[in-house]
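Comments concern the structure below.
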Amino acid sequence: MPAFAALPTLNGPGRVEDDVAQRARFKDMIVVLPGIGGSVLRDQDGPVWEPSIGMAGSLLRDRHDVLARLTGDRGKLDDPDHRDGVVATGLISTPVALPGFATLNQYTPLRRALDAAFELRHGDPADAGGAPANYFEFAYDWRRDNRVSALGLKTLIDRELAKWRAYQIGGGPKVVLVCHSMGGLVAKYYLDVLGGWRDCRTFITFGTPFRGSVKAVHMLANGLSLFGIDFTAMSEVLRNFTSVYQLLPRYPMVAQRPGGPVVRVSELTGNVGGLDVARARDAYEDFHRAMDPERSSHQGRRLDELVRMRPIIGHGQSTLQSAVVGETTLSASTELASDEPDVLAFGTGDGTVPELSALPIELSDDGPWWWENGKHSTMHTVPNTLASLVKTLMMGSGGLTDLQGPEQREWEEAARPAEVTLDVRVDEVSPSGEPVTIDCVLNGADVTEPPRLTISRDVPVELSETEEGYRYRVRGLSVGTHELKVDWAGCSVSDVVEVC
């Protein structure tokens, strides 16, 4: 046994949990990866990206002091050896909006759920000489090429898993990757290309765009436009990041003319607005194609034959699915458009990532996977899903089964999405002084009761009926980020809105 001091059980960085009687031992090592915008970024002068009240407003007002520090040098950001002084220091601890592009909730509920269930020893990724630990939160600089972040993930796991194995002795501990959104792409590149599959037992993802997001195409081509105003500076910042190009769909979904055949974004014959097709091709060929079985490090074997893959797919929310190229812009639609007949089985998503995209290519024909009638920004905070995640891990990190639970063995029954869904539609950002509109589209149930809205502040709320369901208008929300939840017919959907 290595000469390490006795290790306290931690319930969060720096806090010792005394009552561990009700918590289970966990022999493997958990690494949590956030989505784009989910890591705090700082340099010697202070925060570069740290969600706080009014951040979205600062970005939308084209605050050049904020945007300049966030932008960086694209050519250097893609170099693994480049050090610009910006460091990812931890996961975000408050909800945040990347205006017009994405919203994210904090990762505290996920951490608390795991801590409440297991004896986990928290480690600091920045402390190479730290004591053995089996829980890490991998904050990464999400502005950079995902391949650069994957190299950082490999460095962390190689170093810390060796220490944990030496401390644990016996049982062959491996890593369990729990990823939200783009964090799953970072992890998959590590598994497929950098040989991480050898050390990984299970790969769990919440809304990871394995096949890309149409929302990314729309933003790159057309830029950000909210409240009838174009936000050019913020658009250019996001266009600077290779990681955003790696979120582009890799499947046929865009027509080069109305009514024309659909092609991949990488197959477009020319740039569209601010979309650089050459960079789209590089993202497809050098990043996505590198993870295909025939080109990966596992020599033709499918990843799901080597690692337990458990993607959690959001469905039931209105989600961009396809696009048509116009003269100077691109028009995105929630309607499906594909030459692939199997794609017709998918039609919604989590509001950001289409159902089709959240399904890894390896599981195209057989699954299993978990369906969540939820939003992209909050999937990793939903109590029901977190309870299922804990139950799965509780069964023993050496014998994981489907996230549905041990009593459901057949994929055909376990993986069917709910017939009753609640689609909650709300703008990611709303101007101060204006009412926030929340549309609740009800699908598949003869329920006469209206949905119930819960919001983080006690403010005036108006409810009215619409052709598709109900509409809430919320007045008086203060500047900042607000969480909301809508319950109806057994469905519970939460989201985040930023008032600025």
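Every value quoted in this text rests on a predicted model; they were computed, and no experiment measured them.
Using a 4.5 Å heavy-atom threshold, the side chains of Ile455 and Tyr472 count as separate. For the pair Leu393/Thr202, no side-chain contact is recorded, criterion being any heavy-atom separation below 4.5 Å from C-beta on. Side-chain atoms of Asp115 and His122, non-hydrogen and from C-beta on, do get closer than 4.5 Å to each other. In this structure, Leu359 and Phe210 have side chains that are not in contact, with every pair of non-hydrogen atoms separated by 4.5 Å or more. Taking 4.5 Å as the limit, every side-chain heavy atom of Val31 sits out of range of all side-chain heavy atoms of Tyr190. In this structure, Gln168 and Asn134 have side chains that are not in contact, with every pair of non-hydrogen atoms separated by 4.5 Å or more. No side-chain heavy atom of Met29 sits under 4.5 Å from any side-chain heavy atom of Lys163. Under the 4.5 Å side-chain criterion, counting only non-hydrogen atoms from C-beta, Val32 is not in contact with Arg111.
Residue Tyr107 holds its OH atom at 7.5 Å from OG of Ser39, rounded to the nearest 0.5 Å. A distance of 11.0 Å separates CG of Leu153 from CG of Asn146, quoted to the nearest 0.5 Å. Note that the CG atom of Leu306 and the NE2 atom of His298 stand 6.0 Å from one another [nearest 0.5 Å]. To the nearest 0.5 Å, atom CG of residue Asp350 and atom OG of residue Ser213 are 8.0 Å apart. The CZ atom of Arg310 sits 10.5 Å away from atom CD1 of Ile312, with the distance rounded to the nearest 0.5 Å. With rounding to the nearest 0.5 angstrom, the OG atom of Ser297 is 10.0 Å from the OH atom of Tyr189.
Looking only at atom types and distance, the side chain of Ser364 has a donor-acceptor partner in the side chain of Arg211 under 3.5 Å away. Of the N and O atoms on the side chains of Ser181 and His376, at least one donor lies less than 3.5 Å from an acceptor on the other residue. Thr94 and Gln106 share no side-chain donor-acceptor pair at under 3.5 Å.
With Asp192 contributing its side chain and Gly195 its backbone, the two residues share no donor-acceptor pair below 3.5 Å. Of the possible polar contacts, none joining the Asp28 side chain to the Val175 backbone as a donor-acceptor pair under 3.5 Å is found. Using modelled atom types, one side-chain atom of Thr378 and one backbone atom of Ser494 make a donor-acceptor pair closer than 3.5 Å. Checked by atom type and distance alone, the side chain of Ser432 never pairs as donor or acceptor with a backbone atom of Val479 at under 3.5 Å. Under the 3.5 Å distance criterion, the side-chain polar atoms of Trp164 are matched with a main-chain donor or acceptor of Lys27. Remark: the backbone N or O of Gln246 is paired with a side-chain donor or acceptor of His288 at under 3.5 angstrom. In this structure, Asp141 contributes its side chain and Leu41 its backbone to no donor-acceptor pair below 3.5 Å. Without hydrogens or angle criteria, Tyr140 side chain to Pro34 main chain gives a donor-acceptor distance under 3.5 Å.
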Please walk me through it: do Val148 and Thr242 pass side chain to side chain contact (heavy atoms under 4.5 Å, CB included)? CA-CA 11 Å; Val148 174; Thr242 293; over 6 Å; no
Going through the checks in order, is the side chain to side chain donor-acceptor pair (under 3.5 Å) test met by Thr348 and Gln317? CA-CA 6 Å; Thr348 66; Gln317 311 302 315; over 6 Å; no
What do the steps show when you test Met379 against Thr385 for side chain to side chain contact (heavy atoms under 4.5 Å, CB included), and what is the final call? CA-CA 8 Å; Met379 289 179 64; Thr385 301; over 6 Å; no
List the steps, then state whether salt bridge (Lys or Arg N to Asp or Glu O under 4.0 Å) holds for Asp292 with Arg250. CA-CA 12 Å; Asp292 288 347; Arg250 57 169 296 171; 3.1 Å; yes
Assess whether side chain to side chain contact (heavy atoms under 4.5 Å, CB included) is satisfied between Val474 and Leu453, documenting all intermediate values. CA-CA 10 Å; Val474 182; Leu453 171 67; 3.9 Å; yes
Quick one, Ser388 with Trp370, criterion side chain to side chain contact (heavy atoms under 4.5 Å, CB included). Give me CA distance, side-chain angles, the key distance, then yes/no. CA-CA 10 Å; Ser388 298; Trp370 169 276; 3.2 Å; yes
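In this structure, the salt bridge (charged side-chain N to carboxylate O under 4.0 Å, His left out) partners of Arg42, at least two apart in sequence or on a different chain, are Glu50. For Asp487, the salt bridge (charged side-chain N to carboxylate O under 4.0 Å, His left out) partners two or more places apart in sequence, or in a different chain, are Lys485. Scored by the ring-ring contact (aromatic ring centres under 6.0 Å, His included) test, His482 finds no partners at all (sequence neighbours excluded).
Using a cutoff of 4.0 Å between basic side-chain nitrogens and carboxylate oxygens, Arg279 and Asp78 are not scored as salt-bridged.
The number of heavy atoms from other shown groups lying within 6.0 Å of CG (Asp458) does not exceed 12. Under a cut-off of 6.0 angstrom, the local environment of CZ in Arg25 is sparse, with at most 12 non-hydrogen atoms contributed by other residues, nucleotides or ligands.
Residues Thr208 and Val353 come closest through the heavy atom pair O-CG1, 4.3 Å. Closest approach of Val237 to Leu70, counting heavy atoms only: CG1-CD2, 4.1 Å. Pairing each heavy atom of Arg239 with each of Met219, the nearest pair is NH2-O, 3.9 Å. Closest approach of Tyr251 and Gln321 over heavy atoms only: OH-O, 4.2 Å. Of all the heavy atoms in Val441 and Asn443, the pair that sits closest is O-ND2, 3.7 Å. A pairwise comparison of heavy atoms in Trp197 and Leu191 identifies CD1-O, 3.0 Å as the closest pair.
For the side-chain contact (heavy atoms from CB on, under 4.5 Å) test with Leu177, the passing option among Ile204, Ile157, Val186 is Ile157; the others fail.
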